[in-house]
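Values in this document were obtained by computation on a predicted structure and should not be read as measured data.
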Amino acid sequence: MGAIDQRDTPSGFAYALGAYIWWGAMPLYIWMLMNKGGVPPAEVLGHRIVNGLIFLIAVVLLMRRLPELRKAFANSQLLLALLVSTLLLGVNWYVYTWAVSQNRTMEASLGYFLQPLLNAVLGVVLFRERFRVGQVVSLIIAAVGVMFLMTLAGEFPWIAVILAVSFGLYSTVRKATPVDGLVGLTIETLFLFPAAAGYLLWLRQQQTIVFGTTSLTVDGWIIASGVITSVPMVFFGQAARRLRLSTLGFIQFLSPTLQFILAVQVFDEPFPPRKVVGFIIIWVAVAIFIVDSLLAVRRGMSTPAVEAPTE
């Protein structure tokens, strides 16, 4: 699948920050659609895919990236890898949307706290990435925090595990797939389109679809799903090719932290005081990782500003 750059680039950090901050605020949008607009989780996902494909094709045409898209379709090995990533992405999107609809955003955020640990392990096992001492310390502390939260849950956190595993493996596949973020996501969304469009048509036939039957405001929220869904995915696709998997994983702690804040402050989900300990442990780990990364850059141990190959 081509050489994989093991360096961290400045543009990679920028793309990753954009993606994870955007995803951190995503529950608010999904919550508004389902709780204020009355849109069921499956219909939300269907519109995200259909509208996302329309948006992505428009961007591909506007940026004159159609030749790259055609070139990707001519590569059977590339398409097979993207088919695998598509299946992982579809599972992740649906489980996350369902979790928000069931007021289980906090459990979903736990999954995204857990995923960077999986990313770090995959980075070492599959890509032979190496940790600095500070990274090892932060990984151990973060693992302790996650295990503490899982113990407090009192049951197997299947939502968290599915989200962590599905997106962790998705990150791995996309890092190893030599395709630009925009082109890759367009193909993935195209793979998902038939099922999503078919489901929406079936809802319309059954006269149970929300879109076009309530208000212009709700319809506007639904139409915006294409942009809201696609932009952070494009950012992530670019970041995955420009950062080490372990680095990408730790930056991701931004997203569940924001989701956690929304769950407690906006969605009024229960948050026992004892859980604060687990989150503080994880945040300490993130702080150690950030400081270690800044020191590494200062010492010249991190990456020069050279882009990873995207073709």
Quick one: side chains of residues 49-63, donor-acceptor pairs under 3.5 Å with protein atoms, not counting sequence neighbours, listed by atom name and distance.
unit_1, atom_1, unit_2, atom_2, d
N51, ND2, H47, O, 3.2
N51, ND2, I222, O, 3.0
N51, ND2, S225, OG, 3.1

**Complete:** Sequence neighbours excluded, the answer for side-chain contact (heavy atoms from CB on, under 4.5 Å) partners of L80 is none

**Asked** Do you know the tightest heavy-atom contact between E269 and T105?
**Response** OE2-N, 2.9 Å

**Request:** With rounding to the nearest 0.5 Å, note down the distance linking CZ in F267 to CG in L262.
**Result:** 5.0 Å

**Request:** Please collect all salt bridge (charged side-chain N to carboxylate O under 4.0 Å, His left out) contacts where either partner lies in residues 37-46, sequence neighbours excluded, each pair once.
**Result:** none

**Asked** With side chains defined as the heavy atoms from C-beta onward, is the minimum distance between M34 and T97 less than 4.5 Å?
**Response** yes

May I have the list of side-chain donor-acceptor pairs in residues 187-206 shorter than 3.5 Å, sequence neighbours left out?
unit_1, atom_1, unit_2, atom_2, d
E188, OE1, Y170, OH, 2.9
E188, OE1, R174, NH1, 3.3
E188, OE2, S85, OG, 2.5
E188, OE2, Y170, OH, 3.3
E188, OE2, R174, NH1, 3.3
T189, OG1, L185, O, 2.8

**Message:** Looking at every heavy atom in both P27 and Q259, which two are closest together, and how far apart are they?
**Reply:** CG-CG, 3.7 Å

**Complete:** Residues Q265 and D268: closest non-hydrogen pair is O-OD1, 4.3 Å

**Asked** In a check of side-chain contact (heavy atoms from CB on, under 4.5 Å) between V39 and each of V44, L45, T214, which one passes?
**Response** V44

**Message:** Using the rule given for side chain to side chain contact (heavy atoms under 4.5 Å, CB included), can you reason through L82 versus Q77, listing the C-alpha separation, both sets of side-chain angles and the distance that settles it, and then say yes or no?
**Reply:** CA-CA 9 Å; L82 289 175; Q77 186 177 6; over 6 Å; no

**Request:** Would you please name every residue forming a side-chain contact (heavy atoms from CB on, under 4.5 Å) with A164, sequence neighbours left out?
**Result:** L114, Q115

**Prompt:** Backbone N or O of W31 within a donor-acceptor pair of the N35 side chain at under 3.5 Å?
**Reply:** yes

**Prompt:** Would Y20 and Y15 count as a ring-ring contact (aromatic ring centres under 6.0 Å, His included) if you check the C-alpha gap in whole Å, the side-chain angles of each, and the deciding distance to 0.1 Å?
**Reply:** CA-CA 9 Å; Y20 288 127; Y15 279 123; over 10 Å; no

**Request:** Drop me the distance from W23's CH2 to I228's CD1, to the nearest 0.5 angstrom.
**Result:** 14.5 Å

**Asked** How far does CZ of F167 sit from OG1 of T172, to the nearest 0.5 angstrom?
**Response** 10.5 Å

**Message:** Please find the pair of heavy atoms, one from T229 and one from M26, that lie closest to each other, and give the distance.
**Reply:** CA-CE, 4.3 Å

**Prompt:** What distance do M147 atom CE and I281 atom CD1 have between them, rounded to the nearest 0.5 Å?
**Reply:** 12.0 Å

**Request:** Answer yes or no: is there a side-chain heavy-atom contact under 4.5 Å between L243 and I251?
**Result:** yes

**Prompt:** Only one of V179, V183, L83 clears side-chain contact (heavy atoms from CB on, under 4.5 Å) with L78; which?
**Reply:** V179

**Asked** Taking the side chain from D219 and the backbone from F211, do they hold a donor-acceptor pair closer than 3.5 Å?
**Response** no

**Fill in**
For P232 and A19, the nearest pair of non-hydrogen atoms, with its separation, is O-CB, 3.5 Å

**Request:** Establish whether L87 and V84 are linked, either directly or via other cluster members, by ILVMFWY side-chain heavy-atom contacts under 4.5 Å.
**Result:** no

**Residue pairs, two or more places apart or on separate chains, that pass ring-ring contact (aromatic ring centres under 6.0 Å, His included) and touch residues 74-102** = Y96-Y112, W98-W158

**Closest non-hydrogen atom pair between V210 and G37, with its separation** = CG1-O, 3.8 Å

**Prompt:** Got a salt bridge between R65 and E68, using NZ or NE/NH1/NH2 to carboxylate O under 4.0 Å?
**Reply:** yes

**Message:** Quick check for you: to the nearest 0.5 Å, what is the distance between L88 atom CG and S171 atom OG?
**Reply:** 9.5 Å

